[in-house]
Amino acid sequence: MSDLSGTTAVVVGASRGLGRGIASAFAEAGAQVVAVARNDRALTELSQTSPNIRVEVADAADATLAWSLLDRYRPRSLILVAGANPVMRPLHHQTWETFSVNWHTDVKFAFIWLREALLQPLPPGSRVVVVSSGAAVNGSPASGGYAGAKTTQRFIAGYAQEEARRADLDMSVTTVLPRMTPLGDVGRRGIRAYAARSGQPEAAFVRQLGNVLTPEIAGSALVGLVAADPSTVAPAYLLTGAGLTPAP
C-alpha cells in the first residue's frame, strides 16, 4: 500500500460500495479522509473503523457544498464516486423522468466538483479521480440514460484536465470505469436486470463477469493511482477484479 501520510483526501460518495472501500483504503494508507455522503448512519459506522476518517453528511449535488469543503480541507486527492441508482427498465418502459435521473445527479455532481476544483484551484500536485462506470464503454440498454450520463462524466473529466493544462495548474484528472459488481447497489440491480434479460440465474451471470470487483480492490487501485507519477497516468482506466488497465 502506498504511503499517503500527511495528505488529505475528500471522498464524495463514501458511505457504501466502492466509495466506502476507497475511503477505507486511503485512511489505511495514512491519508486524513473526509468522507462525504447523505447517509448519516453509514458514515458514522465508517468513521468508527479508523481515526483517520471524519465525516460530512451532505448532498454531493448541493452547489455550495463543493466550494465549502474544498476551501476548508484543501485536499491533495479528490475522489468523486457518488451517483444515483438508475431505473432498470428497457428504453420503451422508461419515462423521461426515469431515463434522465443519472443526468440530474451523476453528471451534475461531477460538473459541480470539477468546476470548483478548477476555480479554487486545488493545491499544486492535486489528483482528482472521477469514478464513472464501465457502462460508458459497453453501453447499458436496460438502464435508461445511465450509460450516457457516465460517458458524459468521462468527457467532462477530460475537459477539466484540458482546462487545468491551459491554466498551468498542477492538477491531474483521471476517470475510472468500474466493471459491474454484485458488491454495490447499482451493480446488484444491474446484475438482476441483465440476468433476467438474458434468461440466466444471477449466479451464472456473475460468473461470466470474471473476477469480482470488491471495494477493497477498488480502494487499493485508487490509492496506487493517486500515488503514481502523474506523467505515467492514462486519462481513463477500466477497473475490474484484476485491477486497473488503460481504457480504450
Side-chain angles (χ1 to χ4, degrees), residues 1-37 43 46 49-50 52-55 60 69-70 73 75-83 106 109-110 113-114 117 122-123 125-137 150 153-154 156-158 160-161 171-181 183-187 211-247:
M1 183 71 73
S2 300
D3 184 7
L4 300 179
S5 299
T7 70
T8 299
V10 171
V11 181
V12 185
S15 63
R16 58 191 171 98
L18 299 186
R20 184 184 179 96
I22 292 165
S24 295
F26 273 73
E28 184 179 346
Q32 296 299 308
V33 175
V34 181
V36 184
L43 284 181
L46 174 63
T49 66
S50 171
N52 286 356
I53 298 176
R54 65 180 301 166
V55 304
L69 295 189
L70 295 183
Y73 293 111
R76 179 186 179 276
S77 302
L78 173 61
I79 315 298
L80 304 177
V81 199
D106 304 41
F109 110 90
W113 285 85
L114 288 168
L122 291 183
S126 297
R127 309 295 298 275
V128 181
V129 180
V130 177
V131 180
S132 174
S133 169
V137 175
K150 291 303 184 180
Q153 284 188 314
R154 182 179 180 181
I156 61 177
Q161 180 65 88
M171 182 175 78
S172 172
V173 185
T174 312
T175 307
V176 170
L177 310 163
R179 174 179 285 175
M180 187 185 301
T181 173
L183 301 177
D185 288 351
V186 174
N211 294 335
V212 172
L213 173 61
T214 67
E216 293 75 18
I217 291 172
S220 178
L222 264 69
V223 166
L225 180 61
V226 302
D229 181 342
S231 67
T232 68
V233 173
Y237 289 89
L238 299 175
L239 175 58
T240 70
L244 294 169
T245 56

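Computed over heavy atoms, backbone and side chain alike; hydrogens, waters and symmetry mates excluded. It should be emphasised that the depicted structure is a prediction, and the values quoted were computed from it without experimental measurement.
Val128 places none of its side-chain heavy atoms less than 4.5 Å from the side chain of Trp113. When side chains are defined from C-beta on, Leu78 counts as touching Val12, because their heavy atoms get closer than 4.5 Å. In this structure, Val223 and Glu28 have side chains that are not in contact, with every pair of non-hydrogen atoms separated by 4.5 Å or more. When side chains are defined from C-beta on, Leu18 counts as touching Leu213, because their heavy atoms get closer than 4.5 Å. Looking at heavy atoms from C-beta onward, Leu70 lies in side-chain contact with Pro75 at the 4.5 angstrom threshold. Contact annotation: the side chain of Val226 approaches that of Ile79 to within less than 4.5 Å [non-hydrogen atoms, C-beta and beyond].
Here the side chain of Ser24 pairs no donor or acceptor atom with the backbone of Gly21 at under 3.5 angstrom. Under the 3.5 Å distance criterion, the side-chain polar atoms of Asn52 are matched with a main-chain donor or acceptor of Ala27. Between the side chain of Thr49 and the main chain of Leu46, a donor-acceptor pair closer than 3.5 Å is present.
Taking CG of Leu4 as the reference point, atom CZ of Phe26 lies at 6.0 Å (rounded to 0.5 Å). A distance of 5.5 Å separates CZ of Arg127 from OG1 of Thr174, quoted to the nearest 0.5 Å. For the atom pair Ser133 OG and Leu238 CG, the distance stands at 10.5 Å (nearest 0.5 Å). Interatomic distance, Thr181 OG1 to Leu239 CG, rounded to the nearest 0.5 Å: 9.5 Å. To the nearest 0.5 Å, atom CE of residue Met171 and atom CG of residue Leu114 are 7.5 Å apart. For the atom pair Lys150 NZ and Asp106 CG, the distance stands at 3.5 Å (nearest 0.5 Å).
Just one of Val131, Leu244, Val130, Val137 meets the side chain to side chain contact (heavy atoms under 4.5 Å, CB included) condition when paired with Leu177; it is Val137.
Within the structure, the side chain to side chain donor-acceptor pair (under 3.5 Å) test picks out the following pairs touching residues 224-241 (sequence neighbours left out): Asp229-Ser231. Note on residues 10-22: pairs passing side chain to side chain donor-acceptor pair (under 3.5 Å), not counting sequence neighbours, are Arg16-Asp185.
Nearest heavy-atom pair, Ala25 versus Ser220, reported as atom, atom and distance to 0.1 Å: CB-N, 4.0 Å. Taking both residues in full, the closest heavy atoms of Ala29 and Ser2 are given as CB-O, 3.1 Å, listed atom of the first, atom of the second, then distance. Residue Thr175 comes nearest to Ser132 through the heavy atom pair CG2-CB, 3.8 Å, listed as atom of the first residue, atom of the second, then distance. Taking each heavy atom of Ala228 and Val233 in turn, the nearest pair found is CB-CG2, 4.1 Å. Nearest approach of Val11 to Ala14, heavy atoms of both residues: O-CB, 3.6 Å.
Gln161 is linked by a side-chain hydrogen bond (donor to acceptor under 3.5 Å, both in side chains) to nothing, counting only residues two or more places apart in sequence or in another chain.
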